Amino acid sequence: MLSEDDFESSLDTVCEAAAGSIEGVFGPASLTWRVDREAAVFLGAGRALLLQLAHPWVAAAIAEHSRTFADPIGRFHQTFNTVFTMVFGTRDQALAAARRLHRRHAAVTGMLPWTAGRFAAGSHYRANEVAALRWVHATLVETALLTHDLVLPALTDSEREKYWVEARLYAALFGIRQADLPSDWTSFTAYNEAMLRSDILTVSPAARKIAEQIFSGGATKLRAPKWYLALTAHLLPERLRGEFGLVFGEREQRSMNLALARIRRLYPRLPMRIRAVGPYQEALARLQSEKQPDLAVRCLNRLWIGRPMME
């Protein structure tokens with residue numbers, strides 16, 4: 001379990017390494033800003049979600065503690081207000097968002113109602129457990145680079161190493177100690193491959209139900225496009241794809257390839273004003289000493305985080 005002392009010690013690490021009080025944890029020169037500002041990264045949102053759900057603890061926590069079904073749009077906004085504030089907010093905003101997330105996670109505990117992989121029915125789960133937090137963090141980091149490289153020039157090996165250095169600092173905002181993380185990008189890749197082979201990841205009944213509700217539109221009233229579902233299936237390991245009941249045949253591949261061809265042709269030509277998520281543009285306005293972002297950015301923020309400005 002992640003103790004309060006360990007969590008605060010991790011935040012001390014963040015404070016020491018942060019780019020600046022106004023620049024925030026990472027700042028405009030970081031690869032984190034360069035990658036995470038891109039709306040195209042959301043091409044991998046379905047993949048990241050399903051990889052997280054494949055951990056039985058995560059699926060049980062969402063099923064029993066989350067407002068995903070009752071208020072899916074509100075849950076989306078809450079999640080990305082937290083994530084984007086940690087990435088693009090001031091240093092104090094990022095730390096405050098990290099502490100709010102830690103407090104929410106502290107209340108998420110329970111017992112598994114079913115056996116899944118190595119986890120027996122009746123075993124306890126906790127959101128603030130280091131191994132579970134490390135997996136959630138890993139899905140966000142790996143998927144961000146994977147989808148960035150789908151439509152934009154791929155990062156070089158040296159840039160991947162730099163991105164991982166920054167991602168280790170991002171993990172500290174979750175309270176994960178540096179000693180509990182892979183030391184470099186190669187080790188991080190090996191960790192992901194080992195997790196995907198292990199019996200830790202098993203698609204439980206709760207995970208399948210949540211995935212079906214989200215992708216069918218039952219939870220959001222917005223059905224995922226067929227090409228997006230095909231892309232999500234393609235980006236998943238074959239074993240998990242099958243356990244989630246996803247199909248990726250010739251028809252799905254054609255649909256995905258056609259959509260990706262269009263996105264790769266059009267997306268890089270879009271002005272950054274459209275491509276970049278609202279919180280990134282708010283951060284740029286802050287660095288230019290503007291008291292608040294302009295109307296266009298505030299509207300974009302309502303789309304991404306459900307409010308005109310980061311908390």
Side-chain angles (χ1 to χ4, degrees), residues 19-20 22-49 67-68 71-98 100-101 140-141 143-152 166 170 173 214 217 219-225 227-228 231 259 262-311:
I22 302 301
E23 294 86 346
V25 176
F26 304 101
S30 68
L31 275 169
T32 298
W33 276 32
R34 176 176 143 192
V35 171
D36 291 10
R37 70 187 179 185
E38 298 287 349
V41 168
F42 278 79
L43 289 172
R47 175 191 191 262
L49 172 64
R67 297 186 296 114
T68 297
D71 183 18
I73 302 301
R75 184 73 180 94
F76 173 92
H77 284 152
Q78 182 186 62
T79 297
F80 285 100
N81 182 44
T82 298
V83 169
F84 284 143
T85 301
M86 290 195 296
V87 172
F88 297 117
T90 65
R91 184 183 58 202
D92 287 347
Q93 285 176 323
L95 296 175
R100 287 194 298 271
L101 181 63
L140 297 175
V141 172
T143 302
L145 280 198
L146 181 64
T147 48
H148 172 275
D149 292 357
L150 274 178
V151 297
L152 294 166
E166 295 172 9
Y170 179 45
L173 287 164
I214 290 175
T220 63
K221 309 303 180 186
L222 298 171
R223 180 182 291 272
W227 68 265
Y228 187 83
L231 175 62
R262 290 171 176 168
I263 293 170
R264 286 168 174 155
R265 184 173 65 253
L266 297 175
Y267 183 82
R269 300 178 181 178
L270 294 175
M272 193 55 67
R273 187 73 163 169
I274 297 175
R275 275 172 45 181
V277 297
Y280 167 76
Q281 299 191 49
E282 177 184 337
L284 292 184
R286 180 180 74 242
L287 292 176
Q288 294 169 3
S289 301
E290 298 179 17
K291 292 185 177 180
Q292 66 175 15
D294 62 28
L295 178 60
V297 174
R298 295 200 301 274
C299 289
L300 271 178
N301 273 346
R302 288 193 180 279
L303 171 66
W304 290 108
I305 62 176
R307 50 187 298 120
M309 295 177 65
M310 291 180 284
E311 292 184 290

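Everything numeric here is computed off the predicted structure, so don't read it as measured data.
- Residues Gly27 and Ser30 come closest through the heavy atom pair O-OG, 2.7 Å.
- Here the side chain of Arg286 pairs a donor or acceptor atom with the backbone of Phe88 at under 3.5 angstrom.
- Ala296 approaches Arg273 most closely through the heavy-atom pair CB-NH2, 3.5 Å.
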All N/O donor-acceptor pairs, side-chain side in residues 262-272, below 3.5 Å, sequence neighbours left out:
residue : atom : partner : partner atom : Å
Arg264  : NE   : Leu150  : O            : 2.6
Arg264  : NH2  : Leu150  : O            : 3.4
Tyr267  : OH   : Glu38   : OE1          : 2.4
Tyr267  : OH   : Ala39   : N            : 3.2
Tyr267  : OH   : Ala40   : N            : 3.2
Arg269  : NE   : Arg265  : O            : 3.4

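- Taking all atoms of both residues into account, the shortest heavy-atom contact from Val35 to Val41 is O-CG2, 3.4 Å.
- In this structure, the side chain of Tyr228 engages the main chain of Gly46 through a donor-acceptor pair within 3.5 Å.
- Shortest non-hydrogen contact noted between Gln281 and Leu300 is NE2-CD1, 3.3 Å.
- Of the inter-residue distances, the one linking Glu166 atom CD with Asp36 atom CG reads 9.5 Å to the nearest 0.5 angstrom.
- For the pair Val83/Tyr170, a side-chain contact is recorded, criterion being any heavy-atom separation below 4.5 Å from C-beta on.
- Taking both residues in full, the closest heavy atoms of Pro293 and Ala285 are given as CA-CB, 4.2 Å, listed atom of the first, atom of the second, then distance.
- The aromatic rings of Trp304 and Phe42 are tilted relative to each other, their planes meeting at an angle between 30° and 60°.
- Looking only at side-chain heavy atoms (C-beta outward), Thr147 and Arg47 stay at 4.5 Å or farther from each other.
- Between His148 atom NE2 and Leu43 atom CG the span is 12.0 Å, to the nearest 0.5 Å.
- If you take CD on Glu282 and CG on Leu287, they are separated by 10.5 Å, rounding to the nearest 0.5 Å.
- Contact detail for Ala98 and Leu173: the closest heavy-atom pair is CB-O, 3.2 Å.
- Contact annotation: the side chain of Leu152 never approaches that of Arg34 to less than 4.5 Å [non-hydrogen atoms, C-beta and beyond].
- Using modelled atom types, no side-chain atom of Glu311 and backbone atom of Ala97 make a donor-acceptor pair closer than 3.5 Å.
- Atom-to-atom distance recorded for Trp33:CH2 and Leu284:CG is 6.0 Å, nearest 0.5 angstrom.
- The line from CE of Met310 to OG1 of Thr90 is 8.0 Å long, rounded to the nearest 0.5 Å.
- Going from atom CD1 of Ile305 over to atom CD of Gln78 covers 12.0 Å, rounded to the nearest 0.5 Å.
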